[in-house]
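First up is the structure itself, then whatever we jot down about it.
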2 protein chains.
Amino acid sequence: MLPKDYAAQDCSIARGLELVGERWTLLLLRDAFYGVCRYSDFRERLDIPKAVLAARLAALVDSGVMEKRPAPDGAGTRHEYVLTDLGKQLWPAVVALGRFGERAAPNAEGPRKHFRHLDCGGRLDAFCRCERCGATVENPADAEVVPGPGDRNAREDRISRALRAPHRLLTPIA
Amino acid sequence: MLPKDYAAQDCSIARGLELVGERWTLLLLRDAFYGVCRYSDFRERLDIPKAVLAARLAALVDSGVMEKRPAPDGAGTRHEYVLTDLGKQLWPAVVALGRFGERAAPNAEGPRKHFRHLDCGGRLDAFCRCERCGATVENPADAEVVPGPGDRNAREDRISRALRAPHRLLTPIA
DNA sequence: CGTGAGAGGTTCGGTGAACGAACCTCAGTC
DNA sequence: GACTGAGGTTCGTTCACCGAACCTCTCACG
């Protein structure tokens with residue numbers, strides 16, 4: 001969350017928040033789970049100031065949550081930012097926050113987006129359990145994002161449009 | 001996290017972060033799960049500016065995450081702030097963030113604090129599953145916080161001292 | 001070879017939130 | 001009637017966020 005550290009808070013939650021608690025950071029990570037991996041795509045989807053995006057990405061790379069590397073398609077000056085194993089540990093936190101947000105500020109038309117178990121098509125609850133088969137989905141790659149009934153999604157950027165169809169997590173978009 | 005809203009982010013996670021994403025808010029909720037419920041106790045434990053604490057508590061009450069009510073012990077001008085049912089939905093998010101923080105910035109001596117299943121004494125993983133009996137602990141009242149080997153905890157306030165012994169969640173401290 | 005465009009930034013001035021100290025108010029108590 | 005502790009509010013300073021403008025490097029094209 002925030003600019004300064006939580007000094008004097010000898011607590012794992014505080015440590016975690018120092019890494020991912022600043023404004024924008026968790027939305028950025030959400031998109032990383034969705035498969036966004038390029039600087040310009042993050043920008044397009046989040047409407048985040050460039051300076052802030054650069055700072056957040058650098059901080060995430062620095063703390064080992066994301067990895068920055070040259071784009072695989074060889075193209076010139078491109079990079080990609082992908083979640084490290086450490087970053088993927090945030091999976092249950094992202095899911096839980098999403099379910100909370102949905103309950104706290106529900107859409108009249110239903111959920112906007114949700115996560116579905118690839119194996120059986122069941123929805124994931126706040127504990128990442130598949131509501132159909134009961135399994136806890138520990139690996140985000142075993143799930144997909146699907147638009148829900150309330151996904152009016154006014155955004156028209158490349159990424160938001162791509163996400164109007166189901167998409168497997170951690171798979172780069174386009 | 002942050003001051004402003006995430007306009008134009010039509011997403012449950014963004015909605016969730018608007019409610020609990022500002023600086024201090026999640027630490028405050030962590031303490032609420034621990035059983036802290038008085039204004040002055042939050043202050044003592046968090047070293048948070050009074051104005052900010054008042055603003056955060058008001059916002060949480062306003063959004064239905066916490067409830068403010070006169071203290072049950074009848075004492076004069078006292079209040080207590082407790083989690084509502086909506087607030088308790090944050091349980092998996094708090095646990096997941098804690099486990100993440102622990103992995104991202106580990107203590108040499110081991111975890112500082114962790115959660116234990118009351119029924120069987122097993123530790124909870126990032127998905128709130130008991131590592132001993134395998135059950136998903138959906139209700140925070142079925143768990144307790146226990147200090148771990150790395151709990152050097154320099155703080156000497158009332159609350160931090162009380163939490164050096166195992167304590168059932170959602171049970172008011174002292 | 002020169003020009004242009006897109007990716008991935010950095011720099012800069014203005015605004016608004018967080019910080020911390022001081023002050024305020026009300027209930028009970030001595 | 002004075003004091004104390006709970007639960008705040010007010011105020012000036014500092015610092016991060018914002019957004020616009022600018023910079024650099026690589027590739028594509030003529």
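The structure presented is a predicted model; accordingly, all values stated were derived computationally and were not measured. All values below were derived from every heavy atom in this structure, side-chain atoms included, with hydrogens, water molecules and symmetry-related copies excluded. Chain naming here is simple, since letters A, B, ... match the order of the sequence lines and numbering starts at 1 in each.
Distance CG (Leu53(A)) to P (dA20(D)): 16 Å, rounded to an integer number of Å. When the P atom of dG6(C) is taken as reference, atom CZ of Arg78(A) falls 11 Å away, rounded to whole Å.
Dashed line: the shortest gap from a side-chain N or O of Tyr81(A) to OP1 or OP2 of dG9(C) is under 4.0 Å.
Checked for salt-bridge contact, Asp41(B) and Arg158(B) meet the test: a charged N lies under 4.0 Å from a carboxylate O. A salt bridge links Asp47(B) with Arg155(B); the closest basic N to acidic carboxylate O contact falls under 4.0 Å.
The Ala54(B) side chain lies nearest to dT9(D) when the options are dG7(D), dT10(C), dT9(D). For His79(A), the side-chain atoms get nearest to dG9(C) when compared with the rest of dG8(D), dA18(C), dG9(C). The side chain of Lys50(B) lies closest to dG8(D) when the candidates are dC18(D), dC19(C), dG8(D). With distances taken from any side-chain atom of Ala51(B) to the nucleotides dC19(C), dG8(C), dT10(D), the minimum falls on dT10(D). When the nucleotides dC18(D), dG8(D), dG8(C) are ranked by their closest atom to the side chain of Arg23(A), dC18(D) comes out on top. Among the nucleotides dC17(D), dG9(C), dC18(D), the one closest to the side chain of Glu22(A) is dC17(D). Among the nucleotides dA7(C), dA6(D), dG8(D), the one closest to the side chain of Arg38(B) is dA6(D).
Counting non-hydrogen atoms under 4.0 angstrom, Phe42(B) reaches nothing in the nucleic acid.
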